[in-house]
Enquirer: 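Can you keep this structure in mind? I'll have questions shortly.
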Amino acid sequence: MMICLPNGTVVHHINANYFLDITSMKPEEVESHLFSFSSTFEDPSTATYMQFLKEGLRRGLPLLQP
């Protein structure tokens with residue numbers, strides 16, 4: 001999965017196999033805070049995807065500033 005700017009610049013990406021692996025783990029087994037599970041969502045894949053999108057926004061927004 002990739003998050004790209006309109007000009008094609010990739011600001012964030014994650015390998016689909018890694019995403020599937022990390023979402024199949026128990027929350028206590030996850031090492032990275034980047035893809036930790038949120039208490040807002042019960043489904044680990046939804047929580048991880050939301051974190052992925054938030055990180056993409058955090059990385060991409062400064063590149064869109066004039």
Side-chain angles (χ1 to χ4, degrees):
M1 293 182 279
M2 293 187 286
I3 297 176
C4 302
L5 297 178
N7 68 4
T9 302
V10 176
V11 294
H12 193 37
H13 70 283
I14 184 173
N15 181 287
N17 289 329
Y18 178 72
F19 177 81
L20 292 173
D21 287 345
I22 200 164
T23 57
S24 67
M25 298 172 95
K26 295 177 184 168
E28 58 271 8
E29 294 174 346
V30 178
E31 295 176 13
S32 172
H33 72 280
L34 182 59
F35 298 108
S36 62
F37 302 107
S38 169
S39 61
T40 308
F41 298 103
E42 291 181 19
D43 178 30
S45 60
T46 302
T48 303
Y49 187 62
M50 288 295 295
Q51 285 300 112
F52 168 75
L53 293 175
K54 287 178 183 178
E55 180 64 15
L57 284 172
R58 186 189 69 76
R59 293 180 181 191
L61 285 176
L63 300 173
L64 295 173
Q65 302 302 318

Enquirer: Who else is in the cluster with V10 when I, L, V, M, F, W and Y are joined by side-chain contacts under 4.5 Å?
Expert: M2
Enquirer: How close do G60 and V11 get, counting heavy atoms only, and between which atoms?
Expert: CA-CG1, 4.0 Å
Enquirer: For N15, which residues count as a side chain to side chain contact (heavy atoms under 4.5 Å, CB included) partner, sequence neighbours excluded?
Expert: N17, Y18
Enquirer: So which atom in F52 and which in H13 form the shortest heavy-atom distance, rounded to 0.1 Å?
Expert: CE1-C, 3.8 Å
Enquirer: Where the side chain of S24 meets the backbone of D21, is there a donor-acceptor pair that is under 3.5 Å apart?
Expert: yes
Enquirer: Can you give me the closest heavy-atom contact between L57 and P62, atom names plus distance?
Expert: O-CD, 4.5 Å
Enquirer: What's the shortest heavy-atom distance between M1 and Y49, and which atoms?
Expert: SD-CE1, 3.6 Å
Enquirer: Could you grab the distance from atom NE2 of H12 to atom CZ of R59, nearest 0.5 Å is fine?
Expert: 5.0 Å
Enquirer: If the condition is side-chain hydrogen bond (donor to acceptor under 3.5 Å, both in side chains), which residues does N7 pass it with, not counting sequence neighbours?
Expert: T9
